[in-house]
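Let me begin by presenting the structure, written as C-alpha cells, before commenting on it.
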Amino acid sequence: MMNKLVFIFTLLSILQVRFICGVKDGPPPSSKDLAYEDITSEVPYERQFLDKEKLEIYQHTQRYEYHRTKDLDFLSNRGYILIVLGKYSEAIKQLKEIESIQSGRYSTYSNMGTAFEMAGNNTEAIQWIEKALKADPKGRLSSEWIHINILKTHIKGDRYISSMNLIGQDFGNEESPKSSLTPNELKTLKMQLYDQVKERMALVKPKDKIIAQLLFDLGNVTFLEGKKKDAMEEYQMAKKYGFDDPILNKRLYLYPSDLLKVDEKEAIHAADTKEFREIVIGVSLAALLLSGLIIFIFRKKVILMLK
C-alpha cells in the first residue's frame with residue numbers, strides 16, 4: 001500500500017513540475033532561440049526576449065563562437081540580435097560580412113531585408129527580400145510574398161493599407177467574414193500570416209497600422225476555420241495595434257453567447273490556448289495538494305516504517 005502511495009505522489013509531483021515549468025528540450029547552441037522564448041499557441045503572442053544587457057552579452061558571445069567554430073550560423077544569429085537591439089547599421093555590416101564569406105544564404109538575405117526595412121530603407125529592403133525568395137521559395141513557410149507586399153505598401157503610404165494590397169484577399173464588410181478560399185487555402189494563408197505577424201511583432205510595438213491590418217485578417221481566417229475564441233483574441237490584438245475600422249467592433253461581438261461552448265474542433269485546439277494552460281496548472285496544483293493529503297492521512301504508517 002505504501003509503495004503505491006509513494007508511486008502516486010512521485011507521478012503527481014512530476015506532472016505538476018512539467019505543467020508549471022513548461023519543460024522542453026533546449027535548442028542547439030547555434031540557434032537564435034536561445035535569445036528569446038516563444039509561447040506555443042495558434043495566437044501570435046509577443047516573443048519574450050532576454051533583457052537588453054543580456055542580449056548585448058549574447059551578441060558578443062555569438063561572434064566569439066564563430067571564431068571558435070567557423071560556423072556562420074553564429075554570425076547570422078548575431079545579425080538578428082543586432083536588429084532586435086535596434087543597431088541596424090551594425091546588423092547590415094555583419095550580414096554583408098556573412099555574404100562575403102558565403103553568398104546565397106536565405107537567412108542572410110531575409111535578415112538583411114528586415115534590417116533595411118527597420119532602418120527605413122524599404123526600397124533596398126525589397127531587393128533583399130526578393131533575393132531571399134529566390135534563394136529559398138519555401139523560406140518562412142513560403143510567406144515572403146507577404147513581406148514584399150508589406151514593403152510596397154510602406155512605400156505607397158498608409159492609404160494603401162488593405163487586405164487586398166497586403167495578402168490579395170478580402171473578407172468583406174458584413175458582420176461575419178466571408179471567403180471563397182478552400183479549407184486548405186485558408187490553412188496555408190493562416191500559417192503564412194501567422195509567421196509574418198509573429199516576426200514583425202517581435203520588432204515593432206503598438207501602434208502600427210500594417211500589423212493591425214494583418215492581425216485583423218489573421219482573425220478573419222481563424223474565425224473562418226471555426227476557432228472563434230482565438231479569432232476574438234486576434235481581433236483584440238488588432239485593436240491594440242491600432243485597427244479602428246467599425247467592422248472590428250461588429251466582429252468582436254460575433255461570439256459572446258458561445259463562449260462556454262466548445263465544439264469538437266475547438267476541443268482539439270484547446271491544448272494550445274491560454275485557458276487550457278491555466279486549467280492544467282490548476283489541475284496539477286490540485287494533484288499536488290491531493291498527494292499531500294494522502295501522505296498526511298497515512299503519516300502514522302510512514303513514521304512507523306521509518307523507525
Side-chain angles (χ1 to χ4, degrees), residues 19 22 37-48 141 143 146 150 161-202 204-283:
F19 284 135
E37 181 181 355
D38 253 338
I39 299 174
T40 302
S41 171
E42 291 199 26
V43 176
Y45 298 117
E46 187 175 339
R47 187 168 288 158
Q48 301 300 310
L141 301 175
S143 69
I146 297 178
I150 289 170
I161 297 174
S162 68
S163 300
M164 285 301 299
N165 286 333
L166 290 171
I167 61 172
Q169 298 293 324
D170 189 277
F171 301 99
N173 290 313
E174 300 174 29
E175 186 176 278
S176 298
K178 306 293 181 185
S179 176
S180 60
L181 295 177
T182 66
N184 283 337
E185 288 171 336
L186 280 172
K187 182 178 180 180
T188 298
L189 180 58
K190 167 78 176 287
M191 291 190 298
Q192 293 173 339
L193 263 171
Y194 180 99
D195 187 82
Q196 287 294 321
V197 166
K198 185 83 171 179
E199 285 299 313
R200 303 187 76 72
M201 287 174 63
V204 182
K205 305 303 178 186
K207 295 182 176 180
D208 182 274
K209 291 183 178 180
I210 286 181
I211 295 181
Q213 179 68 56
L214 292 173
L215 280 166
F216 178 67
D217 290 328
L218 182 60
N220 290 327
V221 175
T222 302
F223 187 93
L224 289 167
E225 285 189 323
K227 298 170 182 177
K228 298 177 183 178
K229 289 182 182 179
D230 288 342
M232 295 304 108
E233 192 162 356
E234 287 161 354
Y235 286 152
Q236 289 287 3
M237 293 169 76
K239 189 173 184 177
K240 177 182 176 182
Y241 266 86
F243 192 85
D244 59 0
D245 192 298
I247 190 64
L248 175 61
N249 290 327
K250 291 182 181 179
R251 293 184 183 171
L252 276 171
Y253 290 98
L254 284 174
Y255 195 48
S257 62
D258 296 326
L259 285 175
L260 299 178
K261 297 179 182 178
V262 181
D263 59 28
E264 184 177 354
K265 289 182 180 178
E266 289 172 327
I268 294 172
H269 170 65
D272 288 329
T273 65
K274 290 175 69 177
E275 293 90 342
F276 180 77
R277 290 196 297 274
E278 291 170 357
I279 291 170
V280 167
I281 290 173
V283 170

Does a donor on one side chain sit under 3.5 Å from an acceptor on the other, for Y194 and E234?
-> no
When every non-hydrogen atom of M232 is compared with those of L254, the smallest separation belongs to CE-CB, 4.4 Å
Sidechain N-carboxylate O distance under 4.0 Å for R47, E199 = yes
Contact check, side chains of I150 and I146, non-hydrogen atoms, under 4.5 Å | yes
Out of Y241, F223, Y235, which residue meets the ring pair (Phe, Tyr, Trp, His ring centres under 6.0 Å) rule with F216?
-> Y235
Sorted by first residue and then second, give each ring pair (Phe, Tyr, Trp, His ring centres under 6.0 Å) pair with at least one member in residues 173-192; sequence neighbours left out.
-> none
For Q196 and S143 the tightest heavy-atom approach is NE2-OG, 2.9 Å
For Q213 and S163, does a side-chain donor sit closer than 3.5 Å to a side-chain acceptor?
-> yes
Can you find a heavy atom in the side chain of P44 that is under 4.5 Å from one in the side chain of L215?
-> yes
Is the closest basic N to carboxylate O distance between D38 and K198 below 4.0 Å?
-> yes
Report yes if some heavy atom in the side chain of I167 is under 4.5 Å from a heavy atom in the side chain of L214; otherwise report no.
-> yes
Are D217 and Q169 close enough, and set up right, to give a side chain to side chain contact (heavy atoms under 4.5 Å, CB included), and what steps lead you there?
-> CA-CA 9 Å; D217 290 328; Q169 298 293 324; over 6 Å; no
K190 side chain vs L218 backbone, donor-acceptor pair below 3.5 Å = no
Check: E185 main-chain N/O paired with T182 side-chain donor or acceptor under 3.5 Å | yes
